[in-house]
Amino acid sequence: MTKLKAEDMGWEGLKIKMLIKDRGWTLQRLATKIGVSRQSVTDWINGQIPKGHHLISLSQCLGVTPADLFTPKPDDSISVPAHRKRGSAKIKPATTAEAFKLAKEYKSLFFNDAAGARLTDVWKLELGEATPDPLSIKSIAQELRSESGISPDNPMNYRYVFKMLDKLGLVVIFRNFHEPKTYAFYSKIYGRHVIFVNTDTNIMDLIFALLHEAGHALLDRNGETFSDEDESVCDHLAGYVQFPDSYVDDTYESIKGLTPGEQINKLKYRCRKYGHSLHGVVTKIKGINPVFDLSVHGADTNLKKEFPSMGQVLFETSDAREYVDKLFNFTPSFMKIIISQLDTLSYKKLAELLELESTLDALEVHEELTRRKKAGRDNIC
Amino acid sequence: MLTICDTCSTMMVIRIAPQMYTGEPYECETLIEIRHEILRTQKFKEKYPWRKEFKDKIHALSDTQVNTGGFKNYLDVMQILLKNITIDEATGKAFNLSQVDQKILARALDKQAAICTGDKGLIRFAKQEFEFTNIISSLGLVNIWLRKGLIQLNDVRLVFDDWKKLGEASQPQEDIKAFEKLTRMKYSGV
């Protein structure tokens, strides 16, 4: 497996020693020039990062940039973002780089969330290092479905998926990705399992993508990239979670013997009722009958136009309170982290974390969160 | 002294001194990001429905004007410190500054200016990492303008009432006392 790491800047105090030596200076001379004690310089050499103004004075004295006193080092706090790979398609390095950049914006937030809950270890242990067999995947899928609270015979819709993710201890963050075809990606930040969701994604497309990313979290390859086999496991898991066998069987029975046009109309009725795509259910039907070759691409594209994107769901109204209610509904774990750190989050930072373009909008949200915190809602201590 | 104002402080005081960014005696400036934030279409209901009336009054510094060598140096250092997780000694938590906060501080350090803000995280980071304590509250800025004769008492009364209604951040006691001493009036704001 390829081991990729986020990179960050590590303080290199020993460089100070080298630079002093080049100049024929003593530690004391440097300390006097900067206006600090000799001990301070020793502490910096031994690994303590100087305060900002000292860092500037230090770099100016030594004739280097502040960045020169740091060295790129692997950043273990963030795992390689995992995107769903389709077949032999490669994930572009730019896509991974963009995802790393996005994940890094939340480093401080998760660093401060030291006491936060972690992914239920039971799940992780069951999948472990080896590739699970199909029966195990199906069994796990059934358990995941029951975690969500969905009726045994119904397909998952996006609301139940979010419930399931939260029960597993996964944190969901809504952001707009630059690449529209990237629906979601998974990353671990300071031990928290996080799924970033593209707000441009149609809610029909979101279900399978989220379930696939949940698969990444459960496999948890500890910073290693996921193999093609892992991707296949995640796809199978997502498929079993989304569509129970009883629903697929029932759906297939209902369209047998009909003309293609009638089949599409009947399937569209079910898609609208249960909130899933045509493509997804047809793929499952092909699992029962491999020669079933109903072409649904055009119909699926048109059907999706009837459904909103995740962003449109979140910002359905212009009421900050309703927006916050929705966030607590879809991503309660993330919102609990936000609310627990509200006292140290500025409106501007909140705007960045929630990707609100206007600080004035973030102000409204901040006030609503403060109101909720004071009212003692959401079990926030 | 030159003062860099953030979004919230601008919204609190601009109705008191609409010329704050266009009149030299006010010695105020702000960043282009702040201007965009104030004038951008909001998703939620408007706390400040009058804000676009001040579109022509909010003159902001362009990126070219701000991106001097000193500014970039300060900004680079802040970004390195924050990426390496700098702990707020007052709270024990990692600092969580926005990009705009960093730019405001970098500009203030570069120009040896003051910052008008109520953002406690920014204030603590500036003090801890740069020994920067040139922070002015919105009321503090109003006091400066009153002393300079740039504004009249009538300009402030209605706005102070609004501060209360809108739930703006409470102002420091020392600035409240200074206002009352300056005007011999009871302070009616937050």
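These values consider heavy atoms only, across backbone and side chains, with no hydrogens, waters or symmetry-generated copies. To find a chain, count down the sequence lines: A is the first, B the second, and so on, and within it residues start at 1.
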Chemist: Below 4.5 Å from any heavy atom of chain A, which atoms of Lys43(B) appear? Answer side chain, backbone, both or neither.
Modeler: both
Chemist: Heavy-atom cut-off 4.5 Å, strictly under: side chain, backbone, both or neither for Leu363(A) against chain B?
Modeler: side chain
Chemist: Check each atom of Gln79(B) against the heavy atoms of chain A and say whether the ones under 4.5 Å are side chain, backbone, both or neither.
Modeler: neither
Chemist: Between chain B and each of Ala67(A), Ser77(A), Ser346(A), count heavy-atom pairs under 4.5 Å; write down the option with the most.
Modeler: Ser346(A)
Chemist: Highest number of heavy-atom pairs under 4.5 Å with chain A: which of Asp6(B), Asp76(B), Thr91(B)?
Modeler: Asp6(B)
Chemist: Select one option (side chain, backbone, both, neither) describing which atoms of Leu345(A) are under 4.5 Å from chain B's heavy atoms.
Modeler: side chain
Chemist: Let me confirm one number: the NZ-CG distance from Lys348(A) to Asp119(B), rounded to the nearest 0.5 Å.
Modeler: 4.5 Å
Chemist: Does Lys47(B) use its side chain to pair, donor to acceptor, with the backbone of Leu360(A) at less than 3.5 Å?
Modeler: no
Chemist: Between Ile38(B) and chain A, with a heavy-atom cut-off of 4.5 Å, which part of the residue counts as in contact: side chain, backbone, both or neither?
Modeler: backbone
Chemist: I'd like to know whether NZ of Lys52(B) has more than 12 heavy-atom contacts from other residues, nucleotides or ligands below 6.0 angstrom.
Modeler: yes
Chemist: Side chains of Ser358(A) and Glu37(B) only: does a donor on one sit below 3.5 Å from an acceptor on the other?
Modeler: no
Chemist: Measure the OG1-CG distance between Thr344(A) and Asn96(B) for me, rounded to the nearest 0.5 Å.
Modeler: 6.5 Å
Chemist: Got a sec: does the NZ of Lys164(B) have more than 12 other heavy atoms crowding it under 6.0 Å?
Modeler: no
Chemist: Around atom CD of Gln152(B), are there more than 12 heavy atoms from other residues, nucleotides or ligands closer than 6.0 Å?
Modeler: no
Chemist: Would you mind checking which part of Leu109(B) comes under 4.5 Å of any heavy atom in chain A, side chain (CB onward), backbone (N, CA, C, O), both or neither?
Modeler: neither
Chemist: Could you tell me which portion of Glu105(A) (side chain, backbone, both or neither) has an atom closer than 4.5 angstrom to a non-hydrogen atom of chain B?
Modeler: neither
Chemist: So with a 6.0 Å cut-off around CD of Glu180(B), is the heavy-atom count from everything else above 12?
Modeler: yes
Chemist: If you draw a 6.0 Å radius around NZ in Lys120(B), do more than 12 non-hydrogen atoms from other residues or ligands fall strictly inside?
Modeler: no
Chemist: Can you measure from CD1 (Ile80(B)) to CZ (Phe70(A)) and round to the nearest 0.5 angstrom?
Modeler: 5.0 Å
Chemist: To the nearest 0.5 Å, what is the distance between CG (Asn112(A)) and CD1 (Ile87(B))?
Modeler: 6.5 Å
Chemist: Under 4.5 Å from any heavy atom of chain B, what part of Glu352(A) do you find: side chain, backbone, both or neither?
Modeler: side chain
Chemist: Which atoms of Phe95(B) come close to chain A, meaning under 4.5 Å heavy atom to heavy atom: side chain ones, backbone ones, both, or neither?
Modeler: backbone
Chemist: Do Lys349(A) and Leu97(B) have side chains that approach each other closer than 4.5 Å (heavy atoms only, starting at C-beta)?
Modeler: no
Chemist: Sort out for me which of Ile85(B), Thr7(B), Thr41(B) touches chain A most, counting heavy-atom pairs under 4.5 Å.
Modeler: Ile85(B)
Chemist: Distance check, rounded to the nearest 0.5 Å: His53(A) atom NE2 versus Glu131(B) atom CD?
Modeler: 3.5 Å
Chemist: Counting heavy-atom pairs under 4.5 Å with chain B, which one of Leu353(A), Thr65(A), Val365(A), Ile56(A) comes out on top?
Modeler: Ile56(A)
Chemist: Report which part of Leu166(B) has an atom under 4.5 Å of a heavy atom belonging to chain A: side chain, backbone, both, or neither.
Modeler: backbone
Chemist: Under 4.5 Å, counting heavy-atom pairs only, tell me which of Gly52(A), Ser59(A), Ala351(A) racks up the most with chain B.
Modeler: Gly52(A)
Chemist: Given the options Ser318(A), Pro50(A), Pro66(A), Gly10(A), which has more heavy-atom pairs under 4.5 Å with chain B than any of the others?
Modeler: Ser318(A)
Chemist: Give the minimum heavy-atom separation between Lys107(A) and Lys83(B), together with the two atoms involved.
Modeler: NZ-O, 3.2 Å
Chemist: Pick one of side chain, backbone, both or neither for Met78(B), based on which atoms fall under 4.5 Å of a heavy atom in chain A.
Modeler: neither
Chemist: Which answer fits Glu322(A), side chain, backbone, both or neither, if we ask what part of it has an atom under 4.5 Å from a heavy atom of chain B?
Modeler: neither
Chemist: Check whether more than 12 heavy atoms from other residues, nucleotides or ligands sit under 6.0 Å from atom NZ of Lys15(A), and answer yes or no.
Modeler: yes
Chemist: Is Leu356(A) close to chain B through its backbone or its side chain, or both, or neither, when contacts mean heavy atoms under 4.5 Å?
Modeler: side chain
Chemist: Does atom CD of Gln39(A) have more than 12 heavy-atom neighbours from other groups under 6.0 Å away?
Modeler: yes
Chemist: Would you call Asp361(A)-Arg40(B) a salt bridge at under 4.0 Å N-O?
Modeler: no
Chemist: For the atom pair CZ (Phe44(B)) and CD (Glu367(A)), what is the distance rounded to the nearest 0.5 Å?
Modeler: 12.0 Å
Chemist: Pick whichever of Leu81(B), Leu122(B), Val77(B) has the most heavy-atom pairs under 4.5 Å with chain A.
Modeler: Val77(B)
